[in-house]
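When a ligand or atom number is given, it counts from 1 through the structure's own listing order.
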Amino acid sequence: MYDITSSCADDFINHEEILDTLAYADQNKENSTLIDSIIQKAKKRKGLSHREASVLLACPIPEKNEEIFRLAEQIKKDFYGNRIVMFAPLYLSNYCINGCTYCPYHAKNKHIARKQLSQEEIRKEVIALQDMGHKRLALEAGEDPVRNTMDYYLECIRTIYSIHHRNGAIRRVNINIAATTVDHYRLLKEAGIGTYILFQETYHKESYLSLHPTGPKHDYNYHTEAMDRAMQGGIDDVGLGVLFGLDKYRYEFAGLLMHAEHLEAAFGVGPHTISVPRLRRADDIDPDQFDNGIDDDTFAKIVACIRIAVPYTGMIISTRENQQSRERVLHLGISQISGGSRTSVGGYCEPEPEDEKSEQFDVSDTRTLDEVVRWLMEMDYIPSFCTACYREGRTGDRFMSLCKSGQIQNCCHPNALMTLKEYLTDYASPETAAIGNRLIEKEVLNVPNEKARKIVLENLRLIEQDNRRDFRF
Ligand code: SF4
Ligand code: SF4
């Protein structure tokens, strides 16, 4: 039975409730009166239920869809301004004992090169990432309890935070590793991680079981209840996501929002981020074997509907998407993107020889970080390397209440400008620096509080002239 606060996955992601939601959405997808009332509710910027959002997602009426896109764009502007937070993935190890049928790291793939970074190799990777200008990482690893142990992860996190090459520093380490125990989550929290990320892949239990035929990940309930254990272990910033293309997107969409509602109801804080990866071509995997792929229009609609259903939750898009597709959804709700990414183990230091490829998926957006930063600024976005919240203890419900009151904007905007200035001073090409400095000059006038504006101007001067770093609100 559907029970939003239950600790059992079968109750809070209840299959019958999703089927009823999809039937309700189908019956009402052309019900203009209901759709208008849902859009009116969404305009209050307090979010929508999974049922309401599912009606909007199913709606085929062009004028209503235009209104939905406009509202998503406005909510994105109101909550996130024109800032886009930058990050990079760092693959630690692709050893994995699971059998996920859509991922080249599955245990039966014998021809992919298997690697696990040593601490010395991590040092090299992190220096390469710092030299690109990155400040925020998402660690990635397969599940292998013998090789990829919790001790290994903790050591990696310590190593990463300890490296300061020139003016470089990794200031926030997020981590995307297999579902684990409350005790392990507590250790990750104590090690200073930012967000714990775990993609559900699919919320459809039957599909999940067949897509994960072997290994510990086969246990759907253990996997789906991981965020509850993470919260019990003290991690209050968690990142959800599904891999669009595995099952029917409307089912996944409803499941994703039900998961967010569950976390809010059970722990008082919803997900910090939602990622929207789409299935990609990869070694030993042919996406054509999955017949639930979604086109770009549907993808844009999903992003817009998530944006208005959970306005306070950041949305992430990776280099799985190409430049064109990223450009299309940025203004609809995406608040974080990766840039200059390598999806192989050890890929930042040296290109891999053809016969030793270890990447998880083909990167569609292959531009350098400098090119991505310049591209964003040419579209009037402010690339932000800010990591202030977690370092100031603004996590979980503290973060959410600042978000909901709109006060977080007073931090995000100045922090974006100051961290961008660091990037431009230390890492950007002359052309990117010129565009960025003009953007900062213009955007600093948009810091509404006069006292804060003066502080920002002084800090910008100190960054450029006195080589000072790491200012934050
Ligand atoms: Fe392993 Fe994760 Fe790939 Fe599954 S998706 S095979 S758990 S690395
Ligand atoms: Fe993110 Fe906080 Fe920085 Fe805003 S101030 S960009 S919410 S870390």
Side-chain angles (χ1 to χ4, degrees), residues 79-87 89 91-109 112 114 116 135-136 139-145 147-148 171-172 174 176-180 194-195 197-202 208 211-219 223 226 237 241-243 246 272-273 277 279-280 282-285 312-316 335-336 343 345 358-361 382-396 398-404 406-420 452 470-473:
F79 282 85
Y80 303 91
N82 53 349
R83 298 173 298 279
I84 303 285
V85 169
M86 309 302 300
F87 77 99
Y91 280 73
L92 298 177
S93 164
N94 64 353
Y95 284 98
C96 191
I97 59 169
N98 285 311
C100 315
T101 55
Y102 50 85
C103 172
Y105 294 170
H106 67 82
K108 286 195 185 133
N109 186 354
I112 195 165
R114 299 283 174 177
Q116 184 194 44
K135 300 283 187 273
R136 177 188 288 247
L139 305 187
E140 312 276 343
E143 181 166 16
D144 185 327
R147 289 190 177 85
N148 306 339
R171 298 174 180 157
R172 178 175 177 130
N174 299 331
N176 178 355
I177 55 165
T180 184
T195 310
I197 304 157
L198 182 68
F199 295 164
Q200 178 62 32
E201 320 296 8
T202 173
Y208 182 98
L211 289 161
H212 305 94
T214 54
K217 196 168 169 181
H218 180 71
D219 188 337
H223 186 83
D237 283 354
V242 289
L243 185 50
L246 294 180
H272 191 68
T273 53
L279 202 61
R280 295 281 310 153
D283 177 78
D284 205 39
I285 305 294
Y312 314 111
T313 300
M315 277 177 84
I316 301 179
S335 56
Q336 272 190 48
T343 63
V345 185
S358 69
E359 65 192 8
Q360 192 183 28
F361 57 85
I382 309 172
S384 171
F385 293 84
C386 177
T387 54
C389 278
Y390 127 91
R391 300 167 76 217
E392 292 293 317
R394 295 192 296 256
T395 62
R398 220 187 129 212
F399 171 79
M400 280 299 166
S401 65
L402 281 169
C403 257
K404 289 179 183 174
Q407 288 179 52
I408 196 72
Q409 305 270 8
N410 301 330
C411 301
C412 298
H413 188 66
N415 287 341
L417 298 179
M418 293 188 297
T419 55
L420 176 61
D470 204 12
F471 295 105
R472 59 181 183 264
F473 282 83

Rounded to the nearest 0.5 Å, the CD atom of Q200 sits from the CG atom of L198 at a distance of 7.5 Å
4.0 Å heavy-atom contact, F399 with ligand 2: yes
Inset, instruction - Give a yes/no verdict on whether any heavy atom in R394 is under 4.0 Å from an atom of ligand 2. - result: yes
Within 4.0 Å of some non-hydrogen atom of N415, the atoms of ligand 2 are 5 (S)
In ligand 2, the atoms that come under 4.0 Å of a heavy atom of C412 are 4 (Fe), 5 (S), 6 (S), 7 (S)
*asked:* Looking at H212, is its backbone amide N or carbonyl O close enough to the side chain of H218 to form a donor-acceptor pair, meaning the two atoms are under 3.5 Å apart?
replied: yes
Treating T395 as the side-chain partner and D237 as the backbone partner, does any N or O pair qualify as donor plus acceptor under 3.5 Å? no
Of the backbone and side-chain N, O or S atoms of C100, does one lie nearer to atom 1 (Fe) of ligand 1 than 2.8 Å? no
Measure the acute angle between the ring planes of Y91 and Y105, then classify it against the limits of 30° and 60° as parallel, tilted or perpendicular. perpendicular
re atom 3 (Fe) of ligand 2, the protein heavy-atom contact at minimum distance is C386 SG, 2.2 Å
Going by the 4.0 angstrom heavy-atom rule, the piece of K217 near ligand 1 is side chain
Exercise for review: Take Q360 and C103 through the test side chain to side chain contact (heavy atoms under 4.5 Å, CB included) and record every step on the way to the result.
Suggested key: CA-CA 7 Å; Q360 192 183 28; C103 172; 3.5 Å; yes
